[in-house]
Amino acid sequence: MDEFLAADRCVFSVPMYNFSIPSNFKAYIDQVVRVGRTFTEEEGQVKGLANGKKVLFITSRGAEFGAGSPYEGWDCQEPALRYAFQFMGVTDIQFIHANGLDLGDEARKRGLDEAQSKIQELVGGW
């Protein structure tokens, strides 16, 4: 909790397991979502307290989940992560997905190359 709150920038590497996040990362979220530390409730409204942070998620995924893909709409990973951190007040959230890692050598290479390129792009601006 203290480590998360002390950081201005956080980078998390989170694989997709069965359309969502692994249980150990869910346990991490359960440890940092704490009333009075990362959120509060005022007059029936939740207010995040972890403001001003930049959070980057680098994910790995076996398939494609974007528009037009066979698994479009099945991605529960990004929404779960986005909502949990927005709940705590984080508004600067970015994702880099390494997609298609189980779709053969060509798709795997393309997914990793695209993710690497996006990481290099982002590192310059972070």
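Below, all heavy atoms of this structure are taken into account, side chains as well, without hydrogens, waters or symmetry copies.
Within the model, atoms CG of Asp102 and CD of Glu64 stand 11.5 Å from one another, a figure rounded to the nearest 0.5 Å. Note that NE2 of His97 is 4.5 Å distant from OG1 of Thr59, once rounded to the nearest 0.5 Å. To the nearest 0.5 angstrom, Leu103 atom CG is 8.5 Å from Arg110 atom CZ. Atom CD of Glu121 and atom CD of Gln116 lie 12.0 Å apart (nearest 0.5 Å). Rounded to the nearest 0.5 Å, atoms CG (Leu56) and CG (Leu122) are 5.5 Å apart. Taking CG of Leu112 as the start and OG of Ser117 as the end, the distance is 12.5 Å to the nearest 0.5 Å.
Here the side chains of Phe95 and Leu81 are in contact, with some heavy-atom distance below 4.5 Å. Annotation: side chain of Val14 is not in contact with side chain of Ile58 (no heavy-atom distance under 4.5 Å). A heavy-atom distance below 4.5 Å is not found between the side chains of Lys54 and Thr91.
Hydrophobic cluster membership for Met16: Phe19, Phe65, Tyr71, Trp74 (Ile, Leu, Val, Met, Phe, Trp, Tyr linked by side-chain heavy atoms under 4.5 Å, directly or transitively).
Of all heavy-atom pairs spanning Ser60 and Leu101, the tightest one is CB-CD1, 3.6 Å. Closest of all the heavy-atom pairs between Pro22 and Pro15 is CD-O, 3.3 Å. Contact record, Phe57 with Val55: CE1-CG1, 3.4 Å, taken as the closest heavy-atom pair. Residues Cys76 and Ser20 share a closest heavy-atom pair of O-OG, 4.0 Å.
Shown here is Asp105, whose CG atom has no more than 12 heavy atoms of other residues, nucleotides or ligands within 6.0 Å.
The hydrophobic clustering, which links ILVMFWY residues whose side-chain heavy atoms are closer than 4.5 Å, places Ile93 and Leu5 together. Residues Tyr83 and Val35 fall into different hydrophobic clusters, defined by Ile, Leu, Val, Met, Phe, Trp and Tyr side chains chained together at heavy-atom separations under 4.5 Å.
The backbone N or O of Met88 sits nowhere less than 3.5 Å from a side-chain atom of Thr38 that would complete a donor-acceptor pair. Distance alone, capped at 3.5 Å, is enough to place a donor-acceptor pair between the Glu72 side chain and the Gly68 backbone. Looking only at distances, no side-chain donor or acceptor of Glu41 sits under 3.5 Å from a matching main-chain atom of Lys47.
Salt bridge annotation for Asp75-Arg61: present, with a cationic side-chain nitrogen under 4.0 angstrom from a carboxylate oxygen. Salt bridge Lys118/Asp113: absent, no basic N to carboxylate O contact under 4.0 Å.
Remark: Lys53 qualifies as a cation-pi partner of Phe4 under the 6.0 Å distance and 45° angle criteria applied to the six-membered ring.
Using bins of under 30°, 30° to 60° and over 60° for the plane-to-plane angle, the ring pair Phe12/Phe25 lands in the perpendicular bin.
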Taking it one step at a time, do Arg34 and Met1 satisfy side-chain contact (heavy atoms from CB on, under 4.5 Å)?
CA-CA 9 Å; Arg34 294 279 181 219; Met1 165 68 67; 3.1 Å; yes

